[in-house]
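This one's a predicted model, so the numbers in the text were calculated from it and none came from an experiment.
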Amino acid sequence: GERIMSRVRAHRPSPWKVIGEALLKPREVSFHPLNALRSPVSGQECSFYFIMVGVFYAILGVVLMIGLHKLGASLVTPGWVRWQPQIALVTAGCMVAIGFYLMKDGKVALRMARVGAFVYLGFPLLNGIFVSLEWEIPVSAFMSLLSAVIGLPTGFFLIRTIQNCGKQYA
């Protein structure tokens with residue numbers, strides 16, 4: 001056994017050679033979004049996606065909180081707009097909680113994640129409608145549309161991920 005291990009250690013290339021090959025060797029890179037959406041997903045991967053959405057909303061909530069606080073003295077914001085940082089932070093907490101619950105890899109966790117993803121899917125649409133109706137600033141309609149354009153594909157992606165969670169393909 002020791003002879004084999006010494007030969008394996010002797011055959012191991014240097015880090016410089018590995019880096020050089022990785023940088024200089026031509027590779028074929030392609031991206032197939034439809035194949036990616038159909039491929040099986042592990043429970044850990046599904047969990048990771050929910051946690052990442054939660055991290056995004058946590059950062060968004062903090063940025064909104066700081067931004068609305070700075071604007072607070074010069075701009076009167078309507079009620080629904082004033083609640084956006086808290087809504088983003090609650091969304092972040094829910095997504096991270098679902099992500100951690102999915103690590104258990106159970107059917108109950110998948111059902112809960114499916115409900116959470118459907119609620120999340122409807123929220124950007126409703127939020128975009130309410131913000132644009134409540135705030136009379138022209139840029140608010142654009143920002144609401146942008147929020148919906150980002151939120152809806154993310155919701156569909158989460159739902160598709162849950163559908164593919166645990167599938168096995170030959």
Side-chain angles (χ1 to χ4, degrees), residues 1 4-5 8-9 12-13 15 18-19 21-23 25 27-70 79-132 143-170:
I4 294 172
M5 290 308 293
V8 168
R9 283 188 209 108
R12 195 176 287 168
V18 171
I19 292 171
E21 285 180 1
L23 292 175
K25 189 175 183 180
R27 303 209 186 275
E28 181 181 325
V29 177
S30 63
F31 179 65
H32 302 286
L34 294 179
N35 288 347
L37 287 175
R38 291 184 185 126
S39 63
V41 177
S42 70
Q44 289 177 335
E45 191 176 354
C46 192
S47 169
F48 174 75
Y49 293 144
F50 274 86
I51 291 171
M52 291 308 341
V53 169
V55 168
F56 167 76
Y57 273 94
I59 293 168
L60 177 67
V62 170
V63 168
L64 285 174
M65 208 173 276
I66 292 168
L68 287 177
H69 179 71
K70 298 258 187 215
W80 187 259
V81 175
R82 204 172 314 126
W83 283 98
Q84 292 305 304
Q86 291 85 351
I87 291 170
L89 291 174
V90 168
T91 302
C94 290
M95 289 293 144
V96 169
I98 290 171
F100 282 126
Y101 194 53
L102 278 169
M103 284 187 189
K104 288 185 156 190
D105 203 24
K107 291 192 181 290
V108 175
L110 278 175
R111 268 189 245 125
M112 188 184 89
R114 187 173 291 118
V115 169
F118 275 111
V119 169
Y120 171 80
L121 184 63
F123 186 73
L125 192 60
L126 290 174
N127 196 30
I129 292 169
F130 283 131
V131 170
S132 63
M143 296 309 283
S144 298
L145 178 66
L146 183 64
S147 171
V149 165
I150 292 170
L152 290 175
T154 305
F156 284 123
F157 174 74
L158 289 175
I159 289 170
R160 189 66 183 168
T161 301
I162 292 167
Q163 289 173 344
N164 292 339
C165 189
K167 281 187 178 177
Q168 299 291 324
Y169 292 109

field: Gap separating the CE atom of Met65 from the CD atom of Gln86, nearest 0.5 angstrom
entry: 5.0 Å

task: Using the side-chain contact (heavy atoms from CB on, under 4.5 Å) rule, pick out the option among Val63, Val90, Leu64 that qualifies with Pro85.
output: Leu64

query: Out of curiosity, Cys165 SG to Gln44 CD, how far, rounded to the nearest 0.5 Å?
result: 10.0 Å

field: Any donor-acceptor pair under 3.5 Å from Ser47 side chain to Gly43 backbone
entry: no

task: Would you please test Phe123 and Ile87 for side chain to side chain contact (heavy atoms under 4.5 Å, CB included) and show each step?
output: CA-CA 10 Å; Phe123 186 73; Ile87 291 170; 2.9 Å; yes

field: Exceeds 12 heavy-atom contacts within 6.0 angstrom, atom CZ of Phe56
entry: yes

statement: Note: Met103 and Ile51 closest approach over all heavy atoms is CE-CD1, 3.9 Å

statement: Note: Ala58 and Leu89 closest approach over all heavy atoms is O-CD2, 3.8 Å

message: Would you say that Thr154 contacts Tyr120 through its side chain, given a criterion of any heavy-atom pair below 4.5 Å between the two side chains?
response: yes

message: I want to check something: taking the side chain as every heavy atom from C-beta on, are Tyr101 and Val108 in contact at a cut-off of under 4.5 Å?
response: yes

- request: Please say which of Asn164, Leu158, Leu102 ends up in a side-chain contact (heavy atoms from CB on, under 4.5 Å) with Cys46.
  value: Leu102

- request: Could you tell me which non-hydrogen atom of Leu121 sits nearest to which non-hydrogen atom of Ile159, and how far apart they are?
  value: CD2-CD1, 3.7 Å

- request: Starting at CD1 of Ile162, measure out to CZ of Phe118 and round the result to the nearest 0.5 Å.
  value: 8.0 Å

